[in-house]
Amino acid sequence: MNIQLEKMKQNQECERRKRIAEEKHKEWVQKKREEERRERKRKLSKEMVEKATRDLEKMQLQEKADIKYKEWLKKKRAEEAEKKKKDKEKEKERAAELQEKRARSEKIFKEWLQNARNKPQPVLNGYGFPHGKSTGLY
């Protein structure tokens, strides 16, 4: 009877130990799963933060590029406007010079024409013969 009692106690102790071991195992598995879940959550949040940071940097770079492009475009347009202005000024100068040259030429032509009217007509085949022909015989 004592032996049976002893065996029963051992069996109960063995089962109790098994239950405790199973409970501990379940707790360990649950803790492990919880840790893995937290780790995944942490990684996910870290990736989200990194992605947000990259997106923000991209946006900042894009904004800088847009600003630089606008400045470049503004500078280029100013240069083109300046070039057009200079070309117009040169064209005006050329037109003024041409006008001045024409006026000078016309003035000189009118002076020549005035002087040409006042000049005596050249003698045709002069040499003392009227109208360039001899009047008498040798």
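Below, all heavy atoms of this structure are taken into account, side chains as well, without hydrogens, waters or symmetry copies.
Residues Lys9 and Glu6 are not paired through a salt bridge, judged by the lack of any N-O separation under 4.0 Å between the basic side chain and the carboxylate. One finds no salt bridge joining Lys26 and Glu22 here, because no Lys/Arg side-chain nitrogen approaches an Asp/Glu carboxylate oxygen to under 4.0 Å. Looking at Glu36 and Arg33, no side-chain N of the basic residue comes within less than 4.0 Å of a carboxylate O on the acidic one, giving no salt bridge.
For the atom pair NZ (Lys32) and CD (Glu35), the distance works out to 5.5 Å, reported to the nearest 0.5 Å. Between the NZ atom of Lys64 and the CD atom of Glu57 there is a distance of 10.0 Å, given to the nearest 0.5 Å. For the atom pair CD of Gln99 and CZ of Arg94, the computed distance is 16.0 Å after rounding to the nearest 0.5 Å. In this structure, CG on Asn115 lies 11.5 Å from CD1 on Ile108, to the nearest 0.5 angstrom.
Applying the salt bridge (Lys or Arg N to Asp or Glu O under 4.0 Å) test to residues at least two apart or on different chains, the pairs with a partner in residues 101-118 are Glu100-Arg104, Glu106-Lys110. Within the structure, side-chain hydrogen bond (donor to acceptor under 3.5 Å, both in side chains) contacts touching residues 68-90 (residues at least two apart or in different chains) do not occur.
Side-chain contacts under 4.5 Å among hydrophobic residues (ILVMFWY), followed directly or transitively, place Met59 with no other residue at all.
The number of heavy-atom neighbours closer than 6.0 Å to CD of Glu13, taken from other residues, nucleotides and ligands shown, is above 12. Enclosure of atom CD in Gln30 is not indicated, since only 12 or fewer non-hydrogen atoms of other residues, nucleotides or ligands lie within 6.0 angstrom. Under a cut-off of 6.0 angstrom, the local environment of CD1 in Ile3 is sparse, with at most 12 non-hydrogen atoms contributed by other residues, nucleotides or ligands.
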### Task
Report the C-alpha distance between Lys58 and Gln62 in whole Å, list the side-chain angles of each, state the deciding distance to 0.1 Å, and finish with yes or no for side-chain contact (heavy atoms from CB on, under 4.5 Å).
CA-CA 6 Å; Lys58 277 185 182 179; Gln62 187 64 36; over 6 Å; no
### Task
With salt bridge (Lys or Arg N to Asp or Glu O under 4.0 Å) as the test, would you mind laying out the steps for Lys24 and Glu27 before giving the verdict?
CA-CA 5 Å; Lys24 284 185 178 181; Glu27 285 177 16; over 6 Å; no
### Task
Take Gln60 and Leu56 through the side-chain contact (heavy atoms from CB on, under 4.5 Å) test and state the conclusion after the steps.
CA-CA 6 Å; Gln60 288 174 343; Leu56 184 65; 4.1 Å; yes
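No option in Arg38, Glu39, Arg40 other than Glu39 meets the side chain to side chain contact (heavy atoms under 4.5 Å, CB included) test with Arg42. When each of Thr53, Asp55, Val49 is tested with Lys51 by the rule side chain to side chain contact (heavy atoms under 4.5 Å, CB included), just one qualifies, namely Asp55.
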